[in-house]
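I have placed the structure first, in the form of structure tokens, so that the comments after it can refer back to it.
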There are 2 protein chains.
Amino acid sequence: MPFSEVSTRRNVGAHLERVPKATLRAHIVERLRLAILAGDIPPGAPLVETALSERFDVSRGPLREALRQLIEEGLVVTVPYTGTRVAELSVEDVQEIYSLRTVLETFAFEQVWPRRDDRFRAELRRRNEALIATIDAGDDRASILTELEFHGLVYEASGHRLLQRAWHGLRGRLQLYWAAHHRAHGRRGPKRDSHDSYIKAAFGTDFEAMKAEIADHMRRGMETTEKFLRTRPDLSGKPKRRANS
Amino acid sequence: MPFSEVSTRRNVGAHLERVPKATLRAHIVERLRLAILAGDIPPGAPLVETALSERFDVSRGPLREALRQLIEEGLVVTVPYTGTRVAELSVEDVQEIYSLRTVLETFAFEQVWPRRDDRFRAELRRRNEALIATIDAGDDRASILTELEFHGLVYEASGHRLLQRAWHGLRGRLQLYWAAHHRAHGRRGPKRDSHDSYIKAAFGTDFEAMKAEIADHMRRGMETTEKFLRTRPDLSGKPKRRANS
DNA sequence: CCACCTGACATTGTCGACAATCGACGATCA
DNA sequence: TGATCGTCGATTGTCGACAATGTCAGGTGG
């Protein structure tokens with residue numbers, strides 16, 4: 001049994017950087033996810049396997065597996081024997097994203113807070129400056145990504161892998177939404193000073209103030225979101241069919 | 001384009017119950033997940049595609065897609081071109097599960113609490129009685145499932161789909177752990193009175209008390225878990241290779 | 001004009017075979 | 001003896017063809 005229960009082999013090449021050969025599937029997942037999150041393939045658009053397999057120049061096998069993964073990430077929905085589409089977010093979905101995100105981000109801060117981690121704080125400042133630079137450059141799409149990277153730092157610093165995993169799920173859905181927002185409204189990235197009080201609280205000593213700041217930040221995001229989605233009744237309240245097991 | 005953007009078709013059979021034909025993939029996912037969660041295939045055991053496809057009498061195509069889904073659920077890990085195994089939980093993993101679960105379950109209660117939902121409370125009592133009945137019957141394996149169903153009620157009642165999704169992810173990993181626990185230690189299901197104070201708090205009016213009760217419940221679970229896992233150093237601290245994208 | 005039936009077609013689901021890669025064992029040489 | 005290299009088998013990755021299913025358009029009868 002070559003794929004033995006416990007490997008006894010000497011790890012001869014361990015000092016070398018392990019560069020596992022990339023699989024087509026992994027490549028497709030990245031490219032397809034990017035295309036969806038960038039808005040190249042908008043929410044609700046059909047994802048026909050044969051068309052995609054031709055577009056990415058692979059057979060349907062790896063492509064289907066890539067789709068499975070994106071389904072699990074919530075970026076794609078499918079109905080057996082019928083079709084696959086880019087997921088659409090309803091108002092309720094976005095409300096859920098922000099409410100859950102409030103809880104998770106508060107928890108993440110709770111993990112980082114007692115450590116008084118200076119490297120974390122420095123990096124937080126650095127990312128905020130990077131965000132401001134991107135906003136000043138006028139690149140809305142990049143601003144959204146930089147904004148999410150800013151918030152992502154807290155989850156990274158928490159060292160909580162399951163929490164990071166949950167954040168990634170939320171982040172993907174948020175990108176999906178912001179991409180649609182951007183396409184519909186044009187320039188509407190985050191504001192230049194939107195994190196000033198957030199940062200201030202993060203450097204303070206009052207954890208309750210930090211909690212309030214997170215909640216407020218989320219509330220603002222949710223309000224913007226709802227205002228946008230209510231102008232598009234086609235995206236709200238639709239009971240989307242989720243058929244994967 | 002038959003798979004049109006917006007269907008204009010009259011929904012002729014809408015009054016009939018839609019029973020979409022089950023796919024093999026969905027069937028395999030269920031069976032394989034059950035086999036893993038029940039402990040029939042223990043953590044760390046190799047999942048060879050050809051062997052499984054023969055066992056379940058399907059080709060490797062649907063089987064691989066099923067595996068992808070279980071990978072995304074965190075029940076299975078894989079290394080490209082090398083092999084697939086049932087996931088193993090380290091002490092750190094279990095700590096993360098319980099800490100995150102504390103946060104999520106508190107949040108879930110926060111959603112249900114203001115509603116003073118009598119149906120919810122009645123169902124909570126009912127499930128607790130079901131749990132006690134299962135414990136009295138001496139069926140440890142069923143007790144674990146019933147215990148998880150008891151806690152699952154809060155997530156269901158919250159009406160928060162994203163939260164329920166997160167709970168399912170945690171629940172799967174918990175089942176994975178408890179199955180291993182059961183296999184190693186035998187009879188060790190939940191105690192008969194383990195939810196008495198939990199229920200009491202849920203019927204009270206003091207939300208802080210409820211929060212404390214949840215935290216305490218999780219703390220007890222985590223302690224039991226750690227005690228068990230520390231007797232099995234083979235399961236702890238191992239940096240498991242997670243290779244999916 | 002509306003409800004229903006029927007057939008064709010688009011799309012996804014499944015299969016079997018072949019290719020690529022990895023890990024283990026044994027041969028070889030210092 | 002010990003390390004290095006080549007070879008081989010096991011396993012996963014990929015492909016193309018065929019089958020199953022759902023949807024839509026048109027026709028038919030009331």
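Chain identifiers are assigned alphabetically (A, B, ...) following the order of the sequence lines, protein sequences preceding nucleic acid strands; residue numbering begins at 1 within each chain.
As a whole-Å value, the separation of B:Tyr81 OH from C:dC18 C1' is 13 Å. Rounded to whole angstrom, the span from the CD atom of A:Glu54 across to the C1' atom of C:dT11 amounts to 15 Å. Between B:Asp57 atom CG and C:dC15 atom C1' there is a gap of 12 Å when expressed in whole angstrom units. Regarding A:Glu49, its CD atom lies at a distance of 14 Å from the C1' atom of D:dC15, rounded to whole Å. As rounded to whole Å, 12 Å separates atom C1' of D:dT14 from atom CD1 of A:Ile28. Per the geometry, CZ belonging to A:Arg25 stands 14 Å off C1' belonging to C:dA20, to the nearest Å. B:Ile71 places its CD1 atom 11 Å from the C1' atom of D:dT12, with the value rounded to the nearest Å.
Ranking D:dT23, D:dC15, C:dG13 by closeness to the A:Val58 side chain, first place goes to D:dC15. Picking from C:dT12, D:dG13, D:dT12 the nucleotide with the shortest atom distance to the side chain of A:Thr50 gives C:dT12.
Within residues 59-67 of chain B, the residues approaching DNA chain D are B:Arg60, B:Arg64, by heavy-atom distance under 4.0 Å.
For A:His151, the ring pair (Phe, Tyr, Trp, His ring centres under 6.0 Å) test picks out A:His195, A:Tyr198, A:His217, with sequence neighbours left out. Partners of B:Arg127 according to the salt bridge (charged side-chain N to carboxylate O under 4.0 Å, His left out) rule, which considers only residues two or more places apart in sequence or in another chain, are B:Glu123, B:Glu156. Residues passing the salt bridge (charged side-chain N to carboxylate O under 4.0 Å, His left out) test with A:Glu65, sequence neighbours excluded: A:Arg25, B:Arg64, B:Arg68. With sequence neighbours excluded, no residue satisfies salt bridge (charged side-chain N to carboxylate O under 4.0 Å, His left out) with A:Glu149. Evaluation of the side chain to side chain contact (heavy atoms under 4.5 Å, CB included) rule for B:Leu163 yields A:Leu100, B:Leu104, B:Phe107, B:Ala108, B:Tyr155, B:Ser158, B:His160 as partners, not counting sequence neighbours. Taking A:Ala51 as the reference, A:Val48 meet the side chain to side chain contact (heavy atoms under 4.5 Å, CB included) condition, with sequence neighbours excluded. In this structure, the side chain to side chain contact (heavy atoms under 4.5 Å, CB included) partners of B:Ala130, at least two apart in sequence or on a different chain, are B:Thr146.
Relative ring orientation between A:Trp178 and A:His181 is described as tilted, the plane-to-plane angle lying within the 30° to 60° band.
Axis angle between the ends of the helix from C:dC1-D:dG30 to C:dA30-D:dT1, five pairs each and rounded to 10 degrees, works out to 10°.
In this structure, B:Arg85 contributes its side chain and B:Gly44 its backbone to a donor-acceptor pair below 3.5 Å.
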